[in-house]
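Nothing here was measured: the structure is a model prediction, and the numbers come from that model. Letters go in sequence order (proteins before strands), and every chain restarts at 1.
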Protein chains: 2
Amino acid sequence: MNDVKQTIAFRLGTLGAVMQERFASKIEAYDLKPKHVGLMAALKSGTVAASQQDLAARLGVAPSLVVALADHLERLGAVERVRDPGDRRRQTLTLTEHGAALLTRCAAAAGELDDEITASLAASERAALHDTLGRLAAGVGLPS
Amino acid sequence: MNDVKQTIAFRLGTLGAVMQERFASKIEAYDLKPKHVGLMAALKSGTVAASQQDLAARLGVAPSLVVALADHLERLGAVERVRDPGDRRRQTLTLTEHGAALLTRCAAAAGELDDEITASLAASERAALHDTLGRLAAGVGLPS
DNA sequence: TTGACATCGTTCATGGCCTGAATGATACAG
DNA sequence: CTGTATCATTCAGGCCATGAACGATGTCAA
């Protein structure tokens, strides 16, 4: 035996891909992709106003990608770009009210997804999974 | 709150991406990508000889991608293509000894990864995670 | 002040991965 | 034998993400 498919890493990888896919189709109606949601979520939890470079580092993507994501979100009216008066090179991204509303709907979509996939799990099991995943995410340096 | 990032779906998605990435860098030395390993694993667990169409369906990818993956694995000597004598349209893929050896090394790499990310988890917690992920994978129709 | 150098956001060309349509070979039903 | 379906393969194209430029701005030292 000693099967790759019996591995936590492999299962996380494949399950993660499926989740991304399903989540993407759920938020498609809002003209959003998972990365857009990730960016908005980072903006919401950010206490200080975030520069695009900061966000790129937090999300683990290239700065040029943040530009594209922000462009799209700005076009949707979900995000505003403001020049930092203290350092005029920086663009400060902030979530608009509409952006916050969108984010709420995405959270609801993710919640539905949770319910769907954990339907066959006991409540305690689901809670344990939630907790463990949070610890793992923190362990690999993902923003919580 | 009601944060997207607190969601099981979102955490699975991001963690899965990280895992894929890390696994990819671990097997890079063997000139393999995660999808190659997925294909080999499907071959190993397949009881009956698998046609490429079957494999495409099992992996959830387009048949044309299986062609590319099989091409690469064949070049590495990990896989053999044999015409099905019963239906000469079909190519039957089988894992060679070298392929099996490669797969074992990939399983070892995934095992290391498991140890790394679950280092801060109790043994019981890790076992529970492994079990729950298995159930989830089965729930979304992933081959186990 | 001025000049050298770093940093930010942006654009652009490029590469990788995957798909869907077209093709040729083979199977099979009538 | 003929028409249709199924298989593997090829190929062109799309999408996503990156890295290398570039212009604008900031910083620091002389």
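Taking the side chain as every heavy atom from C-beta outward, Arg105(A) and Ile27(A) never approach each other to under 4.5 Å. Side-chain atoms of Glu116(A) and Lys26(A), non-hydrogen and from C-beta on, do get closer than 4.5 Å to each other.
For Asp131(B), the side chain to side chain contact (heavy atoms under 4.5 Å, CB included) criterion is met by Glu125(A), Arg135(B), not counting sequence neighbours. Residues passing the side-chain hydrogen bond (donor to acceptor under 3.5 Å, both in side chains) test with Glu21(B), sequence neighbours excluded: none. By the side-chain hydrogen bond (donor to acceptor under 3.5 Å, both in side chains) test, Arg126(B) pairs with Asp115(B), Thr118(B), sequence neighbours left out.
Side-chain atoms of Gln20(B) come within 3.5 Å of backbone atoms of Gly13(A) as a donor-acceptor pair (strictly under, hydrogens ignored). Side chain of Arg58(A) to main chain of Pro143(A): no donor-acceptor pair is present (N/O by atom type, distance under 3.5 Å, no hydrogens or angles). Between the side chain of Arg83(B) and the backbone N or O of Arg89(B) there is at least one donor-acceptor pair closer than 3.5 Å.
Of the residues in residues 21-40 of chain B, not one places a heavy atom less than 4.0 Å from an atom of DNA chain D.
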Distances under 3.5 Å between protein N/O atoms and the N/O atoms of nucleotides 5-8 of chain D, please, pair by pair.
from	atom 1	to	atom 2	distance (Å)
dT6(D)	O4'	Arg89(B)	NH1	3.4
dT6(D)	O2	Arg89(B)	NH1	2.7
dA8(D)	OP1	Gln52(B)	N	2.9
dA8(D)	OP1	Gln91(B)	N	3.3
dA8(D)	OP2	Gln53(B)	N	2.9
dA8(D)	OP2	Gln53(B)	NE2	3.4

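Rounded to whole Å, atom C1' of dT10(C) lies 13 Å from atom CD of Glu74(A). In this structure, Asp71(A) places its CG atom 14 Å from C1' of dC12(C), rounding to the nearest Å. If you measure from atom CD of Gln20(A) to atom C1' of dA17(D), you get 14 Å, rounded to the nearest angstrom. If you take CG of Leu69(A) and C1' of dC15(D), they are 13 Å apart, rounded to a whole angstrom.
Lys5(A) and Ser45(B) form a side-chain donor-acceptor contact under 3.5 Å, judged by distance and modelled atom types alone.
No engagement by Val66(A) is indicated, since no non-hydrogen atom pair under 4.0 Å with the nucleic acid exists.
Note that the two end axes of the helix from dT1(C)-dA30(D) to dG30(C)-dC1(D) enclose an angle of 10°, each drawn from 5 base pairs, rounded to 10 degrees.
Taking 3.5 Å as the limit, the base of dG9(C) and the side chain of Ser64(A) contain no donor-acceptor pair of atoms between them.
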Please test Lys33(B) against His72(B) for side chain to side chain contact (heavy atoms under 4.5 Å, CB included), starting from the C-alpha separation and ending with a verdict. CA-CA 10 Å; Lys33(B) 308 261 180 183; His72(B) 188 236; over 6 Å; no
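Of the residues listed (Leu93(B), Leu69(B), Leu95(B)), the one engaging Met40(B) in a side-chain contact (heavy atoms from CB on, under 4.5 Å) is Leu95(B), and it is the only one.
Map Asp84(A) and Ala62(A) each onto its nearest nucleotide of DNA chain D; the residue landing nearer the 5' end is Ala62(A). Take the nearest nucleotide of DNA chain D for Pro85(A) and for Leu65(A): the residue whose nucleotide is more 5' is Leu65(A).
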